[in-house]
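All remarks here apply to the structure that follows.
Computed over heavy atoms, backbone and side chain alike; hydrogens, waters and symmetry mates excluded. Each chain gets a letter, A, B and so on, in the order its sequence line appears, and its residues count up from 1.
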Amino acid sequence: MTLAGFAAKNAFRNKRRTTLTVLSIAVSLLLLTLLMVVWRAFYIDQGTPSDARRLVTRNRVSLTFLLPAFYEQKIRALPGVVAVAPSNWFGGIYKDNKPENFFGQFGTNPADLLKVYPDFKIPPEQAAAWVKDRAGCIVDSRLAAAHHWNVGDHLFIKGSIFPVTLDLTVDGIFVSPVAFQSIYFNQEYVNQALPFMANLDDTFIVLTASPRDATRVADAIDAMFRDSPQPTRTETAKSFTLDFINMLGNIKAFMLAIASAVVFAILLVSANTMAMSVRERIREIAVLKTLGFPKNSILALLIGEAVTVTLLGGLIGVFLASLLLFGAAHGPAGQMLGNLRVTPGVFSLALVAAALVGILSGLLPSWRAASQPVVQGLRHVG
Amino acid sequence: MSQSQPPIVSARHVSKIFRRDNFEVKALHDVSLDIPAGEFLALMGPSGSGKTTLLNMIAAIDRPTSGELTVMGERILELSDRQAARWRNEKIGYVFQTFNLIPVLTAAENVELPLLLTRLSKRERREHVAIALRLVGLADRMEHLPKQLSGGQEQRVAIARALVTDPAIILADEPTGDLDSQSATEVLEILARLNREHGKTIIMVTHDPHAASYARTTLHLEKGELLPAAAAAKP
């Protein structure tokens, strides 16, 4: 037997109480892990190396205001710019309005899009076919798998913003380092049906020569159009996504508030369990001290017991979170979850949080018990 | 006591006063005694006479309010809590009336507990535990949990736990108080054997004359004072 083994045995002394505590902590850690996964995806994940080189230019006022199509040529002429591609949100309906049938549909210039996304893996013959096909599209491999699409299939997408229904041929399936959950088609298709769209674009994706050029190029683009009727806002693709998310409100503060509430709740649950557990064993702790256990060993034993319980709850919570994300990613609306997964970093952080909760919750009752005079403890009737 | 060998326990004018709210309770008053090494001493007296208080002070789990108490050359008042814990682990074995075994640990694990604080290897600890349990006749109950043992067996495990570190002194606080007469006899015989064959100094608190009859010397306490041998002998 070891002191750690002794602590573990004590942790499971009252099986029903420990099981309920572990489950409470597991549910809380499940929520905390999911929050951390979303936080990582929103605010920490830097994406692929070429993501750092990629910029998005949009109308400074709002995404709903379009930009003149000629901006593309002006941006392309700036030093440090390697490629520019328009990206226009189509927002059509595939089959019906069910979440599993929702995905991004973007009109673009095929040849330019393949240049701004060099990290898309697509067979050359498929890429060449798409560049030539005005009614063609390429689809993200995960999306294709979810919908069982193959090259040559036809996708009918009914416009909800634009009065046009697209009949697109799947010319290629691309694999991207991060889930895109989108299809790209030739904007010419829409422009021919709706000629007024030929002179307008939603956004431009800009690929710079190196990550170091990104800030300079972004500033140069915005400076170029500052005094025009349609000024621009250029930012990294990551910032663009975050801006989009922040339209919903202060997501960061909201997530922090939920995470804090979750941690506080598990702290209370764990502290309550530890307080009860220690109170029941005051006499036993005095016996250990009589046998020669010093205060530090008693503290280590009791806190070790609390950490055992919270770590077990944490492990179950993280496992459940992984299972949930895996299940959801393979479910009907899986393509909407993108890159949400429990990374080793999130896994470690969740367990560190669980261990810290264990230490904090065990500290006060353990300290009190360990500090109690032996004689007083031996007289305790509990 | 021989002139050459100092007493294993020496108390000089030891008093203990408990303060509860505004009241003072004199648990021990001016107790002086010498206990030679290898003694089997019974401390007798009615409830509240200070027997357990004296025993606890010898074990350094309680401190005298005044006076001087030396156990195995250590002045108890001068030990810090940490030093006292270490000293107790090495030098003292303690047997409680209510056994006080840890319910989630097997007999062997309960006996092993004091050894977790030593530098012994796992194998060495196992050997010590096996010897201690064999000494109390429970070699075949090593993997039993306390709830699977009788009261007498539990107390024998507690004795094994007290002697596993090979202490010089075993302190027993009413070790037969919770036992039937047959189990009590078994426990007392083990204590007597440890004293006789292994030279352990046994100091046993009891109010049972039958238990005290196993001791070589009996001292009586009453209202915190040690009675003279003659007074103690009175019916």
| query | At a heavy-atom separation under 4.5 Å, does A/F12 approach chain B through its side chain, its backbone, both, or neither? | reply | neither

| said: As an exercise: rank B/E112, B/R88, B/K122 by heavy-atom pairs under 4.5 Å with chain A and give me the winner. | reply: B/R88

| task | Check whether B/D81 gets within reach of chain A through its side chain, its backbone, both or neither, counting any heavy atom under 4.5 Å. | result | neither

| message | Looking only at heavy atoms and a cut-off of under 4.5 Å, which of A/T2, A/V374, A/N10, A/T290 has the most pairs with chain B? | response | A/T290

| message | Between B/D178 and B/Q97, do the side chains contain a donor N or O and an acceptor N or O under 3.5 Å apart? | response | yes

| B/F18 versus chain A, heavy atoms under 4.5 Å apart: side chain, backbone, both or neither? | side chain

| note | In B/Q155, B/R156, B/Q153, the residue satisfying side chain to side chain donor-acceptor pair (under 3.5 Å) with B/E186 is B/R156

| said: Given heavy-atom pairs under 4.5 angstrom as the criterion, report whether the side chain, backbone, both or neither of A/S297 touches chain B. | reply: side chain

| query | Quick one: which of B/E78, B/R82, B/Q83 gives a side chain to side chain donor-acceptor pair (under 3.5 Å) with B/S80? | reply | B/Q83

| said: Let me confirm one number: the CG-CD1 distance from B/N110 to B/I102, rounded to the nearest 0.5 Å. | reply: 6.0 Å

| query | Given a strict heavy-atom distance threshold of 4.5 Å, which part of B/L113 is in contact with chain A: side chain, backbone, both, or neither? | reply | both

| query | Name the one of B/L219, B/N56, B/L221 that satisfies side-chain contact (heavy atoms from CB on, under 4.5 Å) with B/K51? | reply | B/L221

| So which of B/P114, B/A59, B/P103 has the biggest tally of heavy-atom pairs under 4.5 Å with chain A? | B/P103

| Is B/R12 salt-bridged to B/D30, cutoff N-O under 4.0 Å? | no

| query | Where on B/R126 is there a heavy atom nearer than 4.5 Å to chain A: the side chain, the backbone, both, or neither? | reply | neither

| task | Give, as side chain, backbone, both or neither, the part of A/K295 having an atom under 4.5 angstrom from any heavy atom of chain B. | result | neither

| query | Do B/E109 and B/R125 meet the salt-bridge criterion of a basic N to acidic O distance under 4.0 Å? | reply | no

